[in-house]
Amino acid sequence: MAERATGDLAPAVAVLAAGSWGDDAADRVLLGYEERFLRRRRLATEGGRAFLVDLPETVNLRGGEAFRLADGTRVAVVAAPEPVLVVTGDLARLAWHIGNRHTPAQIEPDRLLIRADPVLEGMLAGLGARVTRSMEPFRPETGAYGTGRTMGHDHAGHAHGPGPHP
């Protein structure tokens, strides 16, 4: 086993679900949308201490979870603010167009959030949406065919579209 640098934390051995671990974390780690999809990665806390995440499988963290380290320490996972587009207007129609482009979207009662993208920003404005830029945590919907980010959607067992299927 590799020796830890002075000030580094023990390695992460588990992810504790949001709401299951209390609020007694020793430190926090801020992670953007892409960074919250991980299996093995070295992370640094807000306090500047590093630790290794080495999980048996890839996880999709939304924020609110905690890493349980080998020594029992808990490090809270916080969804970091990042550039997003806030979309308002005819949400059902706009969500269809966003989904048609396989773009992750955070769906709320009165707005949609997508990652900042000038092409999509122009498309949505052209469709009559009100689009504003913001810096917010981005927590899009997870996949419909499994947990995480569309993991588990296997095309081998079924086909899409009309016509006979084996």
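Being a predicted model, the structure only gives us computed values, none of them experimental. Note that the numbering runs from 1 along the sequence shown for the chain.
Residues Arg74 and Asp24 have side chains in contact (heavy-atom distance under 4.5 Å, counting atoms from C-beta outward). Pro83 is listed as a side-chain neighbour of Met135, based on a closest heavy-atom distance under 4.5 Å. Between Thr103 and Leu120, some side-chain heavy-atom pair lies under the 4.5 Å cut-off. Counting heavy atoms from C-beta outward, Leu69 and Val75 have side chains that approach closer than 4.5 Å. Taking the side chain as every heavy atom from C-beta outward, Val53 and Leu38 approach each other to under 4.5 Å.
The line from CZ of Phe51 to CG of Asp8 is 10.5 Å long, rounded to the nearest 0.5 Å. Within the model, atoms CZ of Arg28 and OG1 of Thr45 stand 10.5 Å from one another, a figure rounded to the nearest 0.5 Å. Distance CG/Asn60 to CD/Glu65: 8.5 Å, rounded to 0.5 Å. In this structure, the separation between OG on Ser134 and CG on Leu113 is 7.0 Å, given to the nearest 0.5 Å.
With sequence neighbours excluded, the residues that form a side-chain hydrogen bond (donor to acceptor under 3.5 Å, both in side chains) with Arg115 are Glu34. Under the side-chain hydrogen bond (donor to acceptor under 3.5 Å, both in side chains) criterion, Arg93 pairs with no residue, sequence neighbours left out.
Val15 is connected to Val77 through a chain of hydrophobic side-chain contacts under 4.5 Å among Ile, Leu, Val, Met, Phe, Trp and Tyr, so both are in one cluster. Cluster membership check: Phe138 does not share its hydrophobic cluster with Val131, using side-chain heavy-atom separations under 4.5 Å among Ile, Leu, Val, Met, Phe, Trp and Tyr.
For Leu31 against Arg36, the heavy-atom pair with the smallest separation is O-NH1, 3.1 Å. Between Ala76 and Ala25 the shortest heavy-atom distance is N-CB, 3.7 Å. The shortest heavy-atom contact between Pro104 and Pro140 is CB-CB, 3.8 Å. Nearest heavy atoms, Ala129 versus Val87: CB-CG1, 3.9 Å. Taking all atoms of both residues into account, the shortest heavy-atom contact from Gly32 to Ala80 is N-CB, 4.0 Å. The nearest pair of heavy atoms linking Thr73 to Asp71 is OG1-OD1, 2.8 Å.
The pair Arg39-Asp54 meets the salt-bridge criterion, since a charged nitrogen lies less than 4.0 angstrom from a carboxylate oxygen. Salt bridge status for Glu121 with Arg130: absent, with no side-chain N to carboxylate O gap under 4.0 Å. With salt bridges taken as basic N to acidic carboxylate O contacts below 4.0 Å, none links Asp117 and Arg101.
Between the side chain of Glu141 and the backbone N or O of Gln106 there is no donor-acceptor pair closer than 3.5 Å. Judged by distance alone, the side chain of Arg62 and the main-chain N or O of Arg139 form a donor-acceptor pair under 3.5 Å. No donor-acceptor pair under 3.5 Å is formed between the side chain of Glu136 and the backbone N or O of Glu82. For Asp27 (side chain) and Gly47 (main-chain N/O), a donor-acceptor pair under 3.5 Å exists by modelled atom type. Judged by distance alone, with hydrogens and angles left aside, the side-chain atoms of Arg40 form no donor-acceptor pair with the main-chain N or O of Leu55 at under 3.5 Å.
Members clustered with Val78: Leu30, by chain and number, using a 4.5 Å side-chain heavy-atom cutoff among hydrophobic residues.
For Asp23, the CG atom sits in a loose shell: 12 or fewer heavy atoms of surrounding residues, nucleotides or ligands are nearer than 6.0 Å.
Of the residues listed (Leu112, Thr88, Val119, Ile114), the one engaging Leu124 in a side-chain contact (heavy atoms from CB on, under 4.5 Å) is Ile114, and it is the only one.
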